[in-house]
Student: 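Got a structure for you, questions after.
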Amino acid sequence: MNDLKDTMFMRAPEALVEASLRAGCQLFCAYPITPVEDMAEYWIKRCGEFPGALPHFTESELEGGAYMYGFGAAGGRVAFASTGTGISLISESLGWIMSAEVPCVVFNFPRAGGLSISQADYFQATKAPSHGDEKMFVLAPMGTQEAVDLTMEAFYLADLYRNPVMIMCDYTLGLTMEVVEFGPMKTEGLAPKDWALTGDRNRPRRGGLAQSAPGGVTAANVATGVDENFGTMSRGEKSARKRADKYRSFPARAELFEMEDAEVAVVAYGTMARMILPVLKLLREQGMKIGLIRPITLFPFPVAVINDAAGRVQKLSVFECNSGQMVEDVERSVAGRCPVEFYGRPGGAAPTPQEIEAELKRLIGKVEVLA
Amino acid sequence: MTSTAEAPKTGKAVFERPHIFVEEGTPWCQGCGYGAWSRALIEEIERANPAKLVAAADIACLEYMHEIIPGDITIALHGRSVSTVRGMKMAQPGALAIAFQGDGGMLNEGLNEVIHAAASGQNVLVILGNNGVFGDTGGQFTMGAPMGLKTPTSPMGRNQATHGSPIPICEMLAMLPGAAFVGRISTHDPAYVYRGQKVIRRAMEVCMAGAGFAFVECMTTCPTGWRMTPVEAVKYHEEVMLKDKPVGILKDWDPATHPPVEAPLARLS
């Protein structure tokens, strides 16, 4: 079925579509906005080689959100891709999807006003992807290979947890071209989707009006008076608590670089972390004890890892391409155990290696503040 | 649930509620027309007997469809049930797919979606319950409201200068090559309900044959939203709502010019 090799030199957006196809995605809702139009084109070009993958080109992002809800609820594997503006447009549907616990994967390429790097949509992704109390799991890759691996895994995690999973890229990654290797599709431990609305009228009646939240997926082959005994708790509270437990049960991840003997630690994710790493290695060779903590899951945030590090370093600094968003999560993780500083480049700016070097030296006390 | 006195057992039953009604009665207000067309629709589902049925209904009055539909249904966001059911249909291609939207959801919030659906020609049945008002929230006028309708948001009556004109959605969709079937029915008296049920039957046959996009607009009264008695509402419906709105089949499926988009749908044996 597949005439492409497992190792390829590819642009990241296309590699993510290839990974989605190999992970069994059947419907890819991508609406043209740079770099997502490349994903739509690649999907249309390649989907014919994967049985079950539909050559559908989504008419609008609003409809893409609704397709994702309907397709996922009916048991299909589905993805949506856009930049922050498109995520805003499907925000309403995402609330519905999360509350109804419909699995799906969302690709996000946040941009600043124009066409440049940005991490300004961190809050949108991790704090309030929609109205309501629900959350989605957010995975932030640093490079194309990791993005591919996380994509393959995201479809699995979405089904396993019955929740949307976001791959939080950025515009720079969207323009990156690298060698990537595609692994096998993961299926261990996945139960059949017996909750899916297949429409099968031979199926026995279900014992619940709404399987999830009010307004969520309902199995309409319902009998009357089917409430489970929830004690004093309402159906709404019960299902909301169940979802909150689910969010807590998802293991947070972070990657540590040179943290064993670090005196100063930098916290950064995505492309920002990738920009810092070569500079950090250079300064390490000069004997400066700097380490890096790279959160891979932005939600749930790796609170324990950062709290533990905060007990061992003199100070932490958060580097972001925005005016200060993840720094709030770092501060609550540190919980006062060490000082937290912030280095931000908002509005589409990215630091040069020299600027990163100057800031890291200032942090470790080698150089006083540069003008 | 209202209780009814048991009728004396005189012999053969000549009138029953559809066997596959999963709830007793319908959940809408007294005098509402939704009960009439939804009953007709359920009877036609029973007649067509699809092996698989997926549906989506907008939040608002029609979300109560989940109490009576004999298949799997999602409550979609306001204005999104056509796209939601299109998604469901893509995942379950063998299913009869039905979207239920009110005039607020379709003509105000989700207008682009029904037009895209008709243009696509995808084999889904879309039902519009049109009573001219946002019934669930107390009767504000929608883009389906007739000129002159007085509501809390058009207290002097709907007029062109302030509120714009109603959107003739049936006529607009019938223009599109993807639309296999377009019909309009009314439920304000038994004769219209009887004729309307035949339109719904034909629409369902068209979808069961895999023909493509089918659309039925159900014109109904909303005495609660219009602030009228049911009798006044029927009179207003006849004189104003149905004015310039032909009832019946506006565009019938012609296999010679519109080949089916998919294989006929399986039925329960």
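A, B, ... follow the sequence lines: proteins, then strands. Residue 1 opens every chain.
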Student: With a 4.5 angstrom heavy-atom cut-off, could you sort out which part of Pro50(B) is near chain A: side chain, backbone, both or neither?
Tutor: both
Student: Where along residues 204-217 of chain B does a heavy atom come under 4.5 Å of chain A, listed by residue number?
Tutor: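 Listed by number: none.
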Student: Give, as side chain, backbone, both or neither, the part of Glu92(A) having an atom under 4.5 angstrom from any heavy atom of chain B.
Tutor: both
Student: Please report the shortest heavy-atom distance between Gln92(B) and Leu197(A), naming the atom on each side.
Tutor: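 Between these two residues, the closest heavy atoms are CG-O, 4.1 Å.
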Student: Ile75(B) and Trp96(A): which non-hydrogen atoms are nearest, and at how many Å?
Tutor: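 In this case the closest contact between Ile75(B) and Trp96(A) is O-NE1, 2.7 Å.
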Student: Using a strict threshold of under 4.0 Å (side-chain N to carboxylate O), is an ion pair present between Arg80(B) and Glu63(A)?
Tutor: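 Salt bridge flag = no for Arg80(B) with Glu63(A).
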Student: Looking at Asp72(B) and Thr198(A), would you say the former's side chain and the latter's main chain have a donor-acceptor pair under 3.5 Å?
Tutor: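 The answer is yes, because a donor-acceptor pair under 3.5 Å joins these two groups.
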Student: Please classify the contact of Leu77(B) with chain A as side chain, backbone, both or neither, using a heavy-atom distance under 4.5 Å.
Tutor: both
Student: Which residues in residues 81-90 of chain B have any heavy atom closer than 4.5 Å to a heavy atom of chain A?
Tutor: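 Hits under 4.5 Å: Ser83(B), Thr84(B), Arg86(B), Gly87(B), Met88(B), Met90(B).
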Student: Please find the pair of heavy atoms, one from Ser60(A) and one from Asn112(B), that lie closest to each other, and give the distance.
Tutor: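 Closest pair (atom of Ser60(A), atom of Asn112(B), distance): OG-ND2, 4.1 Å.
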Student: Go through the atoms of Ile59(B) and report whether side chain, backbone, both or neither lie under 4.5 Å from a heavy atom of chain A.
Tutor: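 The answer is the side chain of Ile59(B).
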Student: Please list, in residue-number order, every residue in residues 34-42 of chain A that has a heavy atom less than 4.5 Å from any heavy atom of chain B; write 'none' if there are none.
Tutor: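 Within residues 34-42 of chain A, no residue comes under 4.5 Å of chain B, counting heavy atoms only.
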Student: Hey, which of Ala66(A), Ala74(A), Gly72(A) has the most heavy atom pairs under 4.5 Å with chain B?
Tutor: Ala66(A)
Student: Provide the closest heavy-atom pair for Ala73(A) versus Thr74(B) in the form atom of the first, atom of the second, distance.
Tutor: CB-CG2, 4.3 Å
Student: For Phe141(B), give me all partners under ring pair (Phe, Tyr, Trp, His ring centres under 6.0 Å), at least two apart in sequence or on another chain.
Tutor: His163(B)
Student: For the residue pair Asn49(B) and Arg201(A), what are the closest heavy atoms and their distance?
Tutor: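 Scanning both residues, the minimum pair turns out to be OD1-NH1, 3.3 Å.
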Student: Let me know if Ala51(B) has heavy atoms under 4.5 Å from chain A in its side chain, its backbone, both or neither.
Tutor: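 The backbone, not the side chain.
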